[in-house]
Amino acid sequence: MSQKKSTIHPLTQMIRRAVSIFDAMGFEVVTSDHIETEENNFDHLNIPHDHPARDMHDTLWIKDMPHRLLRTHNSAHQVPYMRQNKDRLEKGETLKMISPGLVYRNEATDATHEVQFTYMEGLVVGKNITLGHLKGTLEHFLKDMFGADVEMRLRPGYFPFVEPGVEVDLQFRGEWLELLGAGMIHPIVLENAGIDAKKY
């Protein structure tokens, strides 16, 4: 009887690879529960109360837990993380974190949508951080992840928790493929974390 050789799931391999790249750039990994508060998932992130993402057809709310939901993005970790670490900024440190993990959306499943999927959030807060730093970090990550010849472009995009916001595309087999959204942390989000948005 032959033994079957176990292998690591391709998605797990990709997550480990991504985490190792960010780890080499000095990012720390933050994880949390899959059940999140409405406050962290929406309110602190400058997402208006009438935003469609809060509707039952987009978000999986927990029936017996008021104002609790299955997190729709790992951006929900931003404000708690910044609140816990803001004292480090006063010591001259730059906060750098990533948060990989599953997120949940009340989606109709098709080739590009799923109810549960893997998501990675990143965050950098410090003095004199610019959109150029964001672009450079993303280029470094994507070239390390997908190869030195990868082509990336930024397009204007809107997300309530960043300003300015960008969509990030990669050229894949001669076509541009939308890969992720990004941007500079919105001043309101920084203030919600107790961080002076004029200073950082």
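- Closest of all the heavy-atom pairs between N74 and L102 is OD1-O, 4.1 Å.
- With hydrogens and angles ignored, the 3.5 Å screen pairs no side-chain donor or acceptor of N41 with any backbone N or O of T37.
- Contact annotation: the side chain of K199 approaches that of E90 to within less than 4.5 Å [non-hydrogen atoms, C-beta and beyond].
- Between the CZ atom of F141 and the CD1 atom of I21 there is a distance of 5.0 Å, given to the nearest 0.5 Å.
- Ionic pairing of E93 and R88 is present here: one or more N-O contacts between side-chain nitrogen and carboxylate oxygen are shorter than 4.0 angstrom.
- No side-chain heavy atom of H44 sits under 4.5 Å from any side-chain heavy atom of V189.
- Under the ring-ring contact (aromatic ring centres under 6.0 Å, His included) test applied with F161, the options H73, H186, H77 reduce to a single match, H73.
- Taking every heavy atom of both residues into account, F159 and G181 meet most closely at CZ-CA, 3.6 Å.
- Between F42 and W61, the two ring planes are tilted [angle within 30° to 60°].
- With a 4.5 Å cut-off on side-chain heavy atoms, L179 and L142 count as touching.
- How far OH of Y158 is from CD of E163: 9.0 Å, rounded to the nearest 0.5 Å.
- Annotation: side chain of R155 is not in contact with side chain of V168 (no heavy-atom distance under 4.5 Å).
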Go through the steps for Y81 and E28 under the test side chain to side chain donor-acceptor pair (under 3.5 Å), then give the verdict.
CA-CA 11 Å; Y81 171 81; E28 59 187 301; 2.7 Å; yes
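- A heavy-atom distance below 4.5 Å is found between the side chains of T137 and F27.
- Taking the side chain as every heavy atom from C-beta outward, M97 and V124 never approach each other to under 4.5 Å.
- A salt bridge links D144 with R17: the closest approach of a Lys/Arg side-chain nitrogen to an acidic carboxylate oxygen falls below 4.0 angstrom.
- Taking 4.0 Å as the cut-off between side-chain N and carboxylate O, E114 and R105 do not count as a salt-bridged pair.
- Between E39 and R68, no side-chain nitrogen of the basic residue sits less than 4.0 Å from a carboxylate oxygen of the acidic one, so the salt-bridge criterion is not met.
- Here the closest heavy-atom approach between residue E36 and residue A76 is recorded as CG-CB, 3.6 Å.
- Of all heavy-atom pairs between M120 and P100, the closest is CE-CB, 3.7 Å.
- No more than 12 heavy atoms of other residues, nucleotides or ligands shown are found within 6.0 angstrom of CE on M14.
- In this structure the side chain of V19 never reaches within 4.5 angstrom of the side chain of F22, judged on heavy atoms.
- Here the rule is side-chain contact (heavy atoms from CB on, under 4.5 Å) with I188, and of N192, I185, L190 only N192 fits it.
- Judged purely by atom type and a 3.5 angstrom limit, R71 uses its side chain to pair as donor or acceptor with the backbone of S32.
- The nearest pair of heavy atoms linking Q78 to L45 is OE1-CD2, 3.9 Å.
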